[in-house]
Amino acid sequence: MASMAQFCYIIGPSNLRQKYSSFRFCFQNPVYRKNAPSNISTRFHAKPSSVSVSSSIVCSAANKPSSSSQVREGEEDMEQGNVEDYFLLRGSSAAKIRSEVLSPFRSVRMFFYLTFIASGSLGGLIATTQLISSLTNPARSSEVPDILTGLGIDIGAVSIFAFLYFRENTAKNAQLARLSREESLSNLKLRVNQNKIISVSSLRGIARLVICSGPASFILESFKLSEPFTESLLERGVLVVPFATDGNSPSLDFDESEDMKEITEKRKRLWQLAPVYVSEWTEWLDEQKKLAGISPESPVYLSLRLDGRVRGSGVGFPPWNALVAQLPPVKGLWSGLLDGMDGRVL
C-alpha cells in the first residue's frame with residue numbers, strides 16, 4: 001500500500017493521499033545535466049458544443065534554460081532527498097552492483113575455474129617435461145604411456161574449465177551491458193506536469209512504463225488503441241511515455257463531456273508523462289534499435305517491469321490486450337504475492 005501511495009503522489013490525486021500523507025519524494029534536479037531541458041507545454045482547447053466538449057494535450061519540446069525558481073526548487077528538493085542513492089544510480093558502479101546481486105555466485109565460479117585452469121596448466125607443464133625426459137632416456141620408456149595419459153587429462157581439464165570460464169565471462173559482460181543500458185534509462189527524465197520533473201528510476205516499484213517511440217501519427221494511433229484498456233492498464237500500474245521521433249507534437253484529444261469525465265481523467269493519467277532532454281532519449285532509443293538490428297526510423301515500443309528492467313519490446317503498436325492479460329494488479333489481495341510476475345527480462 002505504501003507503493004500505491006507513492007504511485008498516486010506522482011501521477012495525480014487519489015483517495016490514498018489522505019491516508020498516506022507522510023512520505024518523501026526525491027526530486028532529481030535536471031539543472032545538473034549538461035543539456036538544456038525540453039519544456040513540454042500542455043494546452044487544453046475547449047470546443048463549444050451542446051452535446052460534448054473535448055480537450056487536447058499538445059506536447060512540444062523546446063531547448064530553453066530553466067528559470068531561477070526551478071533551480072532553487074531543485075536544490076531544495078536535492079537537499080531533502082537521499083543524495084547518496086542519487087549519486088549511486090548515476091555512478092558507473094551501479095550496474096556492477098546490480099550484477100553481483102542478480103548473480104551472487106558468478107565470481108566464485110569464475111575464481112574456481114581460473115584455479116582449475118592454473119592447476120591443469122601446471123600439471124600439463126610438469127607432464128610435458130617428464131615426457132621429454134622419458135623419450136630421451138630409454139630406461140624410462142615404460143613410463144611414457146602413463147605420462148601421456150596424465151598429460152591428456154590435464155589438457156582436457158584445462159580445455160573444459162577454459163570453456164566454462166569463457167561462457168561465464170561472456171554472460172557477465174552481456175548482463176553488465178544490459179544493466180548499464182537499464183541504468184542509463186533510469187537516469188532519463190520525465191515531466192509529470194509543469195512543476196514536476198522526475199527520473200525514470202523514481203518510478204521503480206511504483207509503475208510499469210510503456211515507451212511508445214515513433215512518428216506523431218504512430219503515437220496518436222497507439223493512444224486510440226489503448227482507450228478500451230485504460231482502466232485495466234491503470235490498475236496494473238501502467239503509465240505510457242509517448243516519444244515522437246519526427247519532430248511533430250502529437251495532439252492527444254480527450255472527450256470532456258460529463259458522461260466521459262471519469263474515463264477522461266483516467267486517460268489523462270495514463271498518458272500524462274512526457275520525456276525531457278529529447279537528445280538523451282533519442283540517443284538511448286537509437287542504441288537499443290541498433291543492438292536489435294532495427295531501422296532507426298521504425299516505430300517501436302518498450303515495456304518495463306516494476307523494477308525498471310525491460311520485459312518486452314517490439315516493432316509496431318504496444319499489445320495493450322496482452323499487457324492486461326499478463327500483468328497483475330498493483331493493489332488488492334494478490335498484489336504483494338504477484339509483484340515479481342512481470343515476465344522474464346529481455
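- Cluster annotation: I219 is connected to L225 through the hydrophobic network of ILVMFWY side chains, with a link wherever side-chain heavy atoms come within less than 4.5 Å.
- Within the 6.0 Å centre-distance limit, the rings of F223 and F254 are counted as a close aromatic pair.
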Verdict with reasoning, R181 to E287, per salt bridge (charged side-chain N to carboxylate O under 4.0 Å, His left out): CA-CA 9 Å; R181 295 195 299 270; E287 182 183 359; 5.3 Å; no
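- Remark: the backbone N or O of N169 is paired with a side-chain donor or acceptor of N173 at under 3.5 angstrom.
- Counting only heavy atoms from C-beta outward, the side chains of S199 and S186 never approach each other to under 4.5 Å.
- Between C212 and V241 there is no side-chain heavy-atom pair separated by less than 4.5 Å.
- Hydrophobic clustering keeps Y165 apart from F105 (ILVMFWY residues linked when any side-chain heavy atoms are closer than 4.5 Å, directly or through intermediates).
- If you check the side chains of N248 and D246, you find a donor sitting under 3.5 Å from an acceptor.
- Under the 4.0 Å criterion applied to side-chain N and carboxylate O atoms, E182 and R311 are not assigned as salt-bridge partners.
- Remark: the backbone N or O of R236 is paired with a side-chain donor or acceptor of R208 at under 3.5 angstrom.
- Residues K196 and N193 are in side-chain contact: their nearest non-hydrogen atoms beyond the backbone lie under 4.5 Å apart.
- Summarising the geometry of P319 relative to Y301, their closest heavy-atom pair is CD-CZ, 3.4 Å, with the distance given to 0.1 Å.
- Linking Ile, Leu, Val, Met, Phe, Trp and Tyr residues whenever their side-chain heavy atoms come within less than 4.5 Å places L304 and W320 in a single cluster.
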Apply side chain to side chain contact (heavy atoms under 4.5 Å, CB included) to the pair L302 and V210, showing each step before the final yes or no. CA-CA 6 Å; L302 291 95; V210 175; over 6 Å; no
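- No option in L273, L188, N187 other than L188 meets the side chain to side chain contact (heavy atoms under 4.5 Å, CB included) test with V200.
- Ionic pairing of E143 and R140 is present here: one or more N-O contacts between side-chain nitrogen and carboxylate oxygen are shorter than 4.0 angstrom.
- Interatomic distance, NZ of K189 versus CD of E280, reported as 9.0 Å (0.5 Å rounding).
- Checked by atom type and distance alone, the side chain of S134 pairs as donor or acceptor with a backbone atom of Q130 at under 3.5 Å.
- Counting heavy atoms of neighbouring residues, nucleotides and ligands inside a 6.0 Å radius, atom CD of E265 exceeds 12 of them.
- When only modelled atom types and interatomic distance are considered, R106 and Q175 share a side-chain donor-acceptor pair under 3.5 Å.
- Side chain of S121 to backbone of I117: a donor-acceptor contact under 3.5 angstrom is found.
- Put simply, the side chain of R191 never gets that close to the backbone of V276: no donor and acceptor are under 3.5 Å apart.
- Two different hydrophobic clusters hold I126 and V158 under the rule that ILVMFWY side chains link at heavy-atom gaps under 4.5 Å.
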Determine, step by step, whether R309 and L179 satisfy the side chain to side chain contact (heavy atoms under 4.5 Å, CB included) criterion, reporting the C-alpha distance in whole Å, the side-chain angles of both residues, the deciding distance to 0.1 Å, and the verdict. CA-CA 8 Å; R309 306 183 68 185; L179 292 176; 4.0 Å; yes
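- Between F116 and F161, the ring planes lie tilted relative to each other; the angle falls in the 30° to 60° range.
- W271 contributes atom CH2, which lies 11.0 Å from atom CG of L239 (distance to the nearest 0.5 angstrom).
- Both L114 and F112 belong to a common hydrophobic cluster when Ile, Leu, Val, Met, Phe, Trp and Tyr are linked at side-chain heavy-atom distances under 4.5 angstrom.
- Under a 3.5 Å cut-off, the side chain of S159 and the backbone N or O of I155 do form a donor-acceptor pair.
- For the ring-ring contact (aromatic ring centres under 6.0 Å, His included) test, no residue two or more places apart in sequence or in another chain qualifies with Y113.
- The closest side-chain donor-acceptor pair between S279 and T282, if any, does not fall under 3.5 angstrom.
- Evaluated for a side chain to side chain donor-acceptor pair (under 3.5 Å) with T230, the options E235, K266, R267 yield exactly one hit, R267.
- Side-chain atoms of K289 come within 3.5 Å of backbone N or O of P296 as a donor-acceptor pair.
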Do L323 and F229 pass the side chain to side chain contact (heavy atoms under 4.5 Å, CB included) test, and can you show the C-alpha distance, the side-chain angles, and the key distance before you say yes or no? CA-CA 9 Å; L323 292 175; F229 309 98; over 6 Å; no
Chi angles and distances behind the side chain to side chain contact (heavy atoms under 4.5 Å, CB included) call for L209, L203: CA-CA 8 Å; L209 298 184; L203 296 173; 3.6 Å; yes
